[in-house]
2 protein chains.
Amino acid sequence: MQHYSQQKRFLFAVDCIIFGYDGQELKLLVIKRSFEPFKGKWSLVGGFINDNESAESAAGRVLNDLTGLDGLYMEQLHCFTDPNRDSVERTISIAYFALIDIQKYNQQIDEDYHPAWFSINQLPELIFDHTAIVEMAKEKLRYKAALHPLLFELLPDKFTMPQLQSLYEAVYNMEFDKGNFNRKLLSTKLLDKLEDKDKLNSKKGAFYYTVNLKKYSAGFKTFLNFVPSQYINK
Amino acid sequence: MQHYSQQKRFLFAVDCIIFGYDGQELKLLVIKRSFEPFKGKWSLVGGFINDNESAESAAGRVLNDLTGLDGLYMEQLHCFTDPNRDSVERTISIAYFALIDIQKYNQQIDEDYHPAWFSINQLPELIFDHTAIVEMAKEKLRYKAALHPLLFELLPDKFTMPQLQSLYEAVYNMEFDKGNFNRKLLSTKLLDKLEDKDKLNSKKGAFYYTVNLKKYSAGFKTFLNFVPSQYINK
DNA sequence: ACAAAAGTGTTCAAAATACACCCATGT
DNA sequence: ACATGGGTGTATTTTGAACACTTTTGT
């Protein structure tokens with residue numbers, strides 16, 4: 001009934017939703033499409049999947065091409081299959097979202113792609129269904145980060161509690177009580193307090209923390225409500 | 001640089017992880033593969049994606065072919081892309097998990113596929129990477145059902161609280177306190193109490209409930225810990 | 001009358017929240 | 001010395017877990 005040989009074959013691509021945080025806002029990295037059609041239009045970073053390459057490694061390759069970075073936090077978001085989503089030819093796209101430290105990126109910028117960071121709240125028009133893809137990625141990021149400690153991935157190796165709090169505030173567009181925020185994050189035991197302080201952003205200075213990688217990988221599944229439930233239930 | 005015409009095209013399939021509940025155990029519906037190679041081996045229900053058909057509609061078609069049912073609860077699980085996952089030819093598979101009322105299914109059984117229900121704890125050997133796919137589906141079901149009211153989909157339109165509790169107990173392999181379970185589920189306001197009772201399973205009889213569909217679709221995002229956190233954190 | 005399962009109530013502990021207060025330091 | 005933001009303490013409320021108790025009904 002279902003013979004392989006009789007079946008239709010389709011193009012297969014990955015698209016990456018790359019999030020960053022500049023200390024103020026949650027940002028998305030997009031590029032100018034380098035080929036026709038829609039050359040010069042804003043687009044997610046993506047590429048076709050090669051023979052003998054899984055989608056994960058294709059996404060890793062695409063991310064590395066653009067940023068020079070390896071081992072980024074990356075997660076499969078969704079597979080987009082609408083037959084008309086790509087107006088050139090039917091292309092099935094697996095979307096991955098990635099979290100990167102925006103500082104590390106800046107040193108390795110690859111200008112061939114004419115990449116640009118946009119605030120997540122003021123995105124330009126994107127080609128195809130990329131706007132909808134980004135929308136889903138934002139939702140998933142918020143969902144996941146409410147339950148699992150993952151926003152660290154957007155910060156430098158060393159960060160302060162006030163920085164981390166600002167990041168959460170940017171992601172959720174709401175304010176957090178600093179006392180409760182501190183306690184909640186420290187209760188995960190995932191953070192190690194360092195001896196030095198960041199003195200740039202305040203007179204008193206705020207202690208730096210790092211993620212304890214051992215505990216992090218073990219405790220990633222911790223199911224903490226990082227975000228007050230009032231937010232999640234609208 | 002990336003011209004569509006030079007790219008490789010691939011086979012695309014959907015595979016469905018179909019969960020049911022017989023009152024005792026969580027079950028999985030599998031079929032005997034009807035074509036070579038591996039004809040006669042146990043396999044998830046699946047099929048190739050046709051031209052002009054999204055993966056969602058392909059999965060819906062496959063489910064309907066097997067069960068005769070429409071509008072089942074269905075959700076994209078993950079896209080499996082390992083180049084060697086299908087030993088015949090590289091095939092990308094988009095997995096969907098579906099929840100069905102096992103009673104409704106029984107009336108429409110399609111014997112062409114030689115389908116069979118297996119307890120989720122005693123699965124037979126499955127072809128390709130289907131065992132891993134099912135493993136992921138189980139995990140996701142548990143994850144999601146811990147946060148969202150969705151296991152209703154496995155029960156008949158009318159069900160009792162003790163039935164619902166047994167279902168949760170089967171899914172999580174643990175016992176729940178009936179008092180706390182009742183209160184928690186009723187606090188969602190998603191259930192309407194009916195006037196009649198199920199008198200088969202107890203002398204006193206247990207009231208039937210139905211899902212209030214209006215509130216259900218609105219309140220699906222409710223983020224309740226249906227399952228004690230001790231379970232989730234292992 | 002009693003067993004069995006449904007359903008309710010009560011207590012205790014843990015958590016989330018709100019908010020007041022103290023601390024360190026550059027100006 | 002005082003303004004600023006970092007950090008801690010505490011009272012109150014809400015939620016969760018455990019378990020005892022009452023209800024209904026078939027035998």
Side-chain angles (χ1 to χ4, degrees), chain A residues 23-24 145-147 149 155 158-170 172 174-189 191-210 219 222-233, chain B residues 23-24 145-147 149 155 158-170 172 174-189 191-210 219 222-233:
Chain A
Q24 306 294 321
L147 298 166
L155 292 175
K158 284 166 64 173
F159 52 85
T160 67
M161 282 307 210
Q163 272 181 279
L164 186 56
Q165 186 179 335
S166 303
L167 168 55
Y168 274 84
E169 292 179 339
Y172 292 100
M174 72 186 296
E175 301 202 334
F176 293 74
D177 178 273
K178 65 182 169 182
N180 299 333
F181 183 85
N182 270 22
R183 266 186 295 273
K184 195 174 268 191
L185 271 288
L186 291 177
S187 76
T188 64
K189 308 274 182 193
L191 300 182
D192 290 340
K193 191 175 187 170
L194 300 184
E195 306 208 332
D196 53 333
K197 283 183 165 185
D198 161 48
K199 310 273 294 181
L200 291 170
N201 298 298
S202 72
K203 293 165 185 168
K204 185 176 176 184
F207 282 104
Y208 281 114
Y209 288 82
T210 43
T222 12
F223 226 119
L224 266 182
N225 285 334
F226 288 106
V227 176
S229 52
Q230 87 206 38
Y231 173 83
I232 295 160
N233 298 329
Chain B
Q24 306 293 321
L147 297 167
L155 292 175
K158 284 166 62 172
F159 53 85
T160 67
M161 281 307 211
Q163 271 181 278
L164 187 57
Q165 187 179 336
S166 303
L167 168 55
Y168 274 82
E169 292 178 340
Y172 291 100
M174 72 186 296
E175 299 202 334
F176 293 74
D177 178 275
K178 65 182 168 182
N180 298 334
F181 183 86
N182 269 23
R183 268 187 294 271
K184 195 174 269 190
L185 270 289
L186 291 176
S187 75
T188 64
K189 308 274 184 193
L191 300 182
D192 290 339
K193 189 174 188 171
L194 301 184
E195 307 208 329
D196 53 334
K197 282 183 166 187
D198 161 46
K199 308 273 295 179
L200 291 170
N201 298 298
S202 73
K203 291 165 186 169
K204 186 178 178 184
F207 282 104
Y208 281 115
Y209 288 82
T210 43
T222 9
F223 227 119
L224 265 182
N225 284 335
F226 288 108
V227 174
S229 50
Q230 86 204 42
Y231 173 83
I232 295 162
N233 296 330

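Naming convention: chains lettered A, B, ... in sequence-line order (proteins, then strands); numbering from 1 in each chain.
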| query | How far does CG of A/Asp196 sit from OG1 of A/Thr160, to the nearest 0.5 angstrom? | reply | 11.0 Å
| task | Rounded off to whole Å, could you give me the NZ-to-P distance for the A/Lys184 and D/dG7 pair? | result | 19 Å
| Rounded distance in Å - CG (A/Asn182) to P (C/dA16) | 15 Å
| Can you check the A/Leu200 CG to C/dG26 P distance for me, whole Å? | 12 Å
| request: Please name the pair of heavy atoms, one in B/Gln24 and one in B/Ala170, separated by the smallest distance, quoted to 0.1 Å. | output: O-CB, 3.8 Å
| task | Do nucleotides 19-27 of chain D as a string where each nucleotide becomes B, S or -: B if the base has a protein heavy atom under 4.0 Å, S if just the sugar-phosphate does, - if no protein is that close. | result | B---BBBB-
| A/Asn201 CG - D/dG7 P separation (whole Å) | 11 Å
| message | I need the A/Lys193 NZ to A/Phe207 CZ distance, nearest 0.5 Å. | response | 5.0 Å
| Can you tell me how far CG of B/Asp192 sits from NZ of B/Lys158, rounded to the nearest 0.5 angstrom? | 13.5 Å
| Interatomic spacing from OH in A/Tyr209 to CG in A/Leu155 - rounded to 0.5 Å | 14.0 Å
| request: Whole angstrom is fine here: how far is it from CG in A/Leu185 over to P in D/dG7? | output: 13 Å
| request: Grab the CG-C1' distance between A/Leu186 and D/dG6 for me, whole Å please. | output: 13 Å
| said: Using whole Å, what does the distance between atom C1' of nucleotide C/dG7 and atom CZ of B/Phe176 come to? | reply: 18 Å
| query | Quick one: B/Glu175 CD to D/dA18 P, roughly how many Å, whole number? | reply | 12 Å
| message | Measuring from atom CD of A/Glu169 to atom CG of A/Leu164, what distance do you get when rounded to the nearest 0.5 angstrom? | response | 10.0 Å
